[in-house]
Amino acid sequence: MKIATDDLSGPEIAGFLDEHVRQMRSISPPESKHALDLDALRAPEITFWTVRDQDVLVGCGALKKLDAEHAELKSMRTTATRKRSGIASLLLEHIVTEATRMGFTRLSLETGSAEFFRPARKLYEKFGFVPCEPFADYLPDTNSTFMTRRLRPAVAAPAGAPVPPAGR
């Protein structure tokens, strides 16, 4: 599997994200839908990654800079045929690593509180996320679960040391 940054210009990712937004709209009431559409994900403060297996798009996720130390996890999605196959864990590990490398010390997220979102909440708990109060522009919402995790500051390599490549 390969994780790479994506410029969101291809029709395949556009369809993948459109399906995600439609699914979230069908599950969450309009005032509780926080999934970003394609245009919103192109904002300069967002880094977006796709996961491909043999050139087949199987997942995606994004990181939105909130301030110099705090970022938000957005648009985590795995294709329905590959759910619970380790793709989300692989991607979440990558995003946490990248967020740390970028200098963020806190990573937060909003996900649904309905039963449908239980696997996502369990995944985030497995990666050290804990419940928190609404952050950024979010308001309290019984349909939302807010979670956060502290990140360890990246350790600077000694001068002259080789720099490992980013990603996997």
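Since the structure is predicted, the reported quantities are computational estimates derived from the model, not experimental observations.
Every residue two or more places apart in sequence or in another chain that forms a side chain to side chain contact (heavy atoms under 4.5 Å, CB included) with D39 is listed here: D37, R42. When the side-chain hydrogen bond (donor to acceptor under 3.5 Å, both in side chains) test is applied to E125, no partner is found at least two apart in sequence or on another chain. Scored by the side-chain hydrogen bond (donor to acceptor under 3.5 Å, both in side chains) test, R118 finds E115 as partners (sequence neighbours excluded). For the salt bridge (Lys or Arg N to Asp or Glu O under 4.0 Å) test, no residue two or more places apart in sequence or in another chain qualifies with K64. Applying the side chain to side chain contact (heavy atoms under 4.5 Å, CB included) rule to A14 yields the partners L38; only residues at least two apart in sequence or on another chain are considered. Legend: residues meeting side chain to side chain contact (heavy atoms under 4.5 Å, CB included) with P134, ordered by chain and number and at least two apart, are Y138, P140, F146. Residues passing the side-chain hydrogen bond (donor to acceptor under 3.5 Å, both in side chains) test with E133: none are found, sequence neighbours excluded. Applying the side-chain hydrogen bond (donor to acceptor under 3.5 Å, both in side chains) criterion to T5, with sequence neighbours excluded, gives no partner residue.
Between A99 and L151, the shortest heavy-atom contact is CB-CD1, 3.7 Å. The minimum heavy-atom distance between I46 and L41, with the atom names listed, is CG2-O, 3.5 Å. Pairing each heavy atom of S144 with each of E110, the nearest pair is OG-OE2, 2.8 Å. Nearest heavy-atom pair across H70 and S108 is NE2-OG, 2.6 Å. Taking all atoms of both residues into account, the shortest heavy-atom contact from N143 to D141 is N-OD1, 2.8 Å. Among all heavy-atom pairs drawn from S113 and T142, the shortest one is OG-O, 2.6 Å.
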What pairs of donor and acceptor atoms, side-chain ones from residues 50-60 against any protein atom, are under 3.5 angstrom apart with sequence neighbours left out?
| from | atom 1 | to | atom 2 | distance (Å) |
| --- | --- | --- | --- | --- |
| T50 | OG1 | D6 | OD2 | 3.4 |
| R52 | NH1 | E12 | OE1 | 2.9 |
| R52 | NH1 | D55 | O | 3.4 |
| R52 | NH2 | E12 | OE1 | 3.1 |
| D53 | OD2 | R82 | NH1 | 3.0 |
| D53 | OD2 | R82 | NH2 | 3.1 |

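Hydrophobic cluster membership is shared by F48 and L36, with clusters built from Ile, Leu, Val, Met, Phe, Trp and Tyr side chains linked at under 4.5 angstrom. Each of I3 and F16 belongs to its own hydrophobic cluster when Ile, Leu, Val, Met, Phe, Trp and Tyr are linked at side-chain heavy-atom distances under 4.5 angstrom. Cluster membership check: I95 does not share its hydrophobic cluster with L66, using side-chain heavy-atom separations under 4.5 Å among Ile, Leu, Val, Met, Phe, Trp and Tyr. Grouping the Ile, Leu, Val, Met, Phe, Trp and Tyr side chains by contacts below 4.5 angstrom, directly or via other members, places V96 with W49.
For the atom pair CZ of R150 and OG1 of T148, the computed distance is 6.5 Å after rounding to the nearest 0.5 Å. A distance of 5.0 Å separates CE of M76 from CG of L92, quoted to the nearest 0.5 Å. For the atom pair CG (L123) and OG1 (T78), the distance works out to 8.5 Å, reported to the nearest 0.5 Å. The CG atom of L63 sits 6.0 Å away from atom CG of L107, with the distance rounded to the nearest 0.5 Å. For the atom pair CD (E98) and CG (L91), the distance works out to 11.0 Å, reported to the nearest 0.5 Å.
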Exercise. Evaluate side chain to side chain contact (heavy atoms under 4.5 Å, CB included) for R121 paired with T111, printing each intermediate quantity in order.
Key: CA-CA 7 Å; R121 292 190 307 268; T111 191; 3.6 Å; yes

Self-check item: side chain to side chain contact (heavy atoms under 4.5 Å, CB included) between R149 and V130, intermediate numbers included
Solution: CA-CA 6 Å; R149 175 187 163 168; V130 295; over 6 Å; no

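There is no side-chain donor-acceptor pair under 3.5 Å between R152 and T100.
A 6.0 Å sphere centred on CG of D137 holds no more than 12 heavy atoms belonging to other residues, nucleotides or ligands.
Judged as a salt bridge (Lys or Arg N to Asp or Glu O under 4.0 Å), the pairs with a partner in residues 69-81 (not counting sequence neighbours) are, in order, E19-R77, E72-K74. Identified under the ring-ring contact (aromatic ring centres under 6.0 Å, His included) test for residues 100-128, with sequence neighbours left out: Y124-F129.
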